[in-house]
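As structure tokens, the structure follows; a few thoughts come after it.
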Amino acid sequence: MYEYEIYRATSAELIRRADTEREIGRARRARRAARRSGRQDPEGKVRQGDRSRFAPAA
């Protein structure tokens, strides 16, 4: 009977952890979607003012 109680407690803990991980994933996806929806360009922002990154070709 003792082993069964340990099994039940471990199982419940694993289920709680899985639920927590799923909730974290949902929150991350929601934040990412919110950041992306706020942009005007769905492809992302391209910096055009930083042209001095590479040396000019000879």
(request) Could you tell me which residues satisfy side chain to side chain donor-acceptor pair (under 3.5 Å) with R22, sequence neighbours excluded, listed by chain and number? (result) D19
(message) So, using salt bridge (charged side-chain N to carboxylate O under 4.0 Å, His left out) as the criterion, who are the partners of R26 when residues are at least two apart?
(response) E23
Would you be so kind as to tabulate the donor-acceptor pairs closer than 3.5 Å made by side chains of residues 5-14, with sequence neighbours excluded?
{"from": "T10", "atom 1": "OG1", "to": "I6", "atom 2": "O", "distance (Å)": "2.8"}
{"from": "E13", "atom 1": "OE1", "to": "R16", "atom 2": "NH2", "distance (Å)": "3.0"}
{"from": "E13", "atom 1": "OE2", "to": "R17", "atom 2": "NE", "distance (Å)": "3.3"}

